[in-house]
Undergrad: 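My structure is below; once you've seen it, I'll send some questions.
Here is how names work: the chains are called A, B, and so on, in the same order as the sequence lines, proteins then strands, and each is numbered from 1. Keep in mind it's a predicted model, so treat the numbers as computed, not measured.
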Number of protein chains: 2
Amino acid sequence: MRESGKGLVTVAVEKEIRRGRTNVRANVRQIPGPCAHWNDQDADFIRETLDLVGDKWSVLIIGTLSDGPVRYSDLAYAIPGISQRMLTLTLKQLQRSGLVDRTAYAEVPPRVEYSLTALGKSLLTTVLELAAWSADRQTEIRRHQDTYDTRNA
Amino acid sequence: MRESGKGLVTVAVEKEIRRGRTNVRANVRQIPGPCAHWNDQDADFIRETLDLVGDKWSVLIIGTLSDGPVRYSDLAYAIPGISQRMLTLTLKQLQRSGLVDRTAYAEVPPRVEYSLTALGKSLLTTVLELAAWSADRQTEIRRHQDTYDTRNA
DNA sequence: CTGAATCCGCATTGATACTG
DNA sequence: CAGTATCAATGCGGATTCAG
């Protein structure tokens with residue numbers, strides 16, 4: 001995680017302090033509190049998880065692996081539009097986090113199969129729910145977007 | 001969506017065709033089929049949804065809005081590290097897709113409140129499940145990553 | 001207060017060529 | 001077959017400034 005550290009607020013406050021003021025945010029109204037569902041630390045990890053699953057290819061790879069081991073080249077065939085580079089990189093990421101297993105057979109020509117680990121399968125379940133949500137709301141979301149776009153034409 | 005269209009396979013096949021060969025992928029073994037859980041069209045929309053929810057800030061904003069309407073400046077305070085640009089942009093995206101409502105009060109100084117729509121709340125529910133998954137597997141994932149990293153030091 | 005507009009560095013990604 | 005290496009381009013995201 002690339003921690004930028006200070007954002008909008010911090011910078012603004014530092015400016016005020018440079019101007020000789022202190023206790024800048026003393027008598028402001030209720031600070032709304034970050035979020036009811038997770039603390040800042042959890043938020044970081046949620047983002048890490050989303051970085052893992054929320055990128056362009058991870059979900060498609062996981063979905064393709066759901067039926068059992070698949071070879072590298074077959075993944076390339078099964079996932080249209082992916083480049084070798086991204087396929088390799090994403091697989092490595094997933095493997096690093098323990099979601100995917102890599103098995104290389106010492107044959108010639110070489111054969112490498114990728115499969116979901118138990119952890120990966122548990123994520124598949126969760127991701128499928130998100131996918132279901134997407135499918136269910138698809139038309140509704142598109143309608144909203146169209147309305148918004150035409151209104152701001 | 002920036003459709004690159006053709007990927008690894010298409011390009012390779014086109015090359016073969018240019019060399020005068022045809023029916024390149026005729027007698028290859030079983031094509032593994034894209035994915036059992038969705039078709040190519042669904043995959044696109046799932047990716048759009050992930051683009052919406054999988055970016056750096058959307059989830060944090062949605063989580064912060066879960067307790068009710070929040071003002072623009074309070075969102076900036078509540079979400080550490082976000083810049084004005086990204087706050088505005090992300091809110092606009094969410095609003096465009098119908099996940100967030102924007103209410104501007106004609107006062108001076110101006111006041112604008114953002115809140116979750118029903119659609120947004122339903123996404124919150126789904127996302128919270130993913131968050132729960134993250135929290136549950138956090139240590140396991142970290143352990144995998146550490147092992148992988150040290151092994152490839 | 002709530003943004004919009006601009007500039008710009010840098011990370012991500014894709015295309016291509018090459019290797020064991 | 002299963003990658004790696006390298007380069008180029010795109011675009012995200014941050015900082016800053018301006019505006020209503």
Undergrad: Measure CD1/A/Ile82 against C1'/C/dT13 and give the value in whole Å, please.
TA: 11 Å
Undergrad: Hydrogens and angles aside, do B/Trp133 and A/Ser122 bring a side-chain donor and acceptor to less than 3.5 Å of each other?
TA: yes
Undergrad: If you assign each of B/Pro110 and A/Val112 to its closest nucleotide in DNA chain D, which residue comes earlier from the 5' end?
TA: A/Val112
Undergrad: Identify the two heavy atoms, one from B/Ser134 and one from A/Ile46, that lie closest to each other, and give their separation to 0.1 Å.
TA: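 Heavy-atom minimum between the residues: OG-CA, 4.4 Å.
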Undergrad: Both A/Glu113 and B/Asp55 contact DNA chain D. Which one's nearest nucleotide lies toward the 5' end?
TA: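 It is A/Glu113, whose closest nucleotide lies nearer the 5' terminus.
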Undergrad: OP1, OP2 of C/dT12 versus side-chain N and O of A/Lys56: anything below 4.0 Å?
TA: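 For C/dT12, neither OP1 nor OP2 has a side-chain N or O of A/Lys56 closer than 4.0 Å.
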Undergrad: Holding to salt bridge (Lys or Arg N to Asp or Glu O under 4.0 Å), I want the full list of residues that pass it with B/Arg96, two or more places apart in sequence or in another chain.
TA: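 Partners of B/Arg96 under the salt bridge (Lys or Arg N to Asp or Glu O under 4.0 Å) test: A/Asp149.
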Undergrad: Where each residue is assigned the nucleotide of DNA chain C containing its nearest heavy atom, which of B/Leu89 and A/Met86 is assigned the position nearer the 5′ end?
TA: B/Leu89
Undergrad: Looking at B/Glu113 and B/Arg111, is any side-chain nitrogen of the basic one under 4.0 Å from a carboxylate oxygen of the acidic one?
TA: yes
Undergrad: Under 4.0 Å between a side-chain N/O of A/Trp57 and OP1 or OP2 of C/dG14, yes or no?
TA: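 Yes, within the criterion.
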Undergrad: Would you kindly give the OH-to-P distance between B/Tyr72 and D/dG20, to the nearest whole Å?
TA: 17 Å
Undergrad: Grab the CD-C1' distance between B/Gln93 and D/dG11 for me, whole Å please.
TA: 14 Å
Undergrad: Regarding A/Tyr114, tell me which of base, sugar-phosphate or nothing describes its non-hydrogen contacts under 4.0 Å with the strands shown.
TA: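 Sugar-phosphate, no base atom in range.
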Undergrad: If we ignore angles and hydrogens, is there a donor and acceptor under 3.5 Å between the side chains of B/Gln145 and A/Ser97?
TA: yes
Undergrad: Nearest to the side chain of B/Gln84, which nucleotide is it out of C/dG3, D/dA2, D/dG14?
TA: C/dG3
Undergrad: Compare the minimum distances between each of C/dC1, D/dT4, C/dG3 and the side chain of B/Arg71, then state the nucleotide with the smallest one.
TA: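 Of C/dC1, D/dT4, C/dG3, C/dC1 is nearest to the side chain of B/Arg71.
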Undergrad: On DNA chain C, check which nucleotide each of A/Arg85 and B/Arg102 is closest to and give me the residue with the more 5' one.
TA: B/Arg102
Undergrad: When the distance from CG of B/Leu87 to P of C/dA5 is rounded to whole Å, what number comes out?
TA: 16 Å
Undergrad: Under 4.0 Å: is that the gap between some side-chain N or O of A/Ser83 and OP1 or OP2 of C/dT13?
TA: no
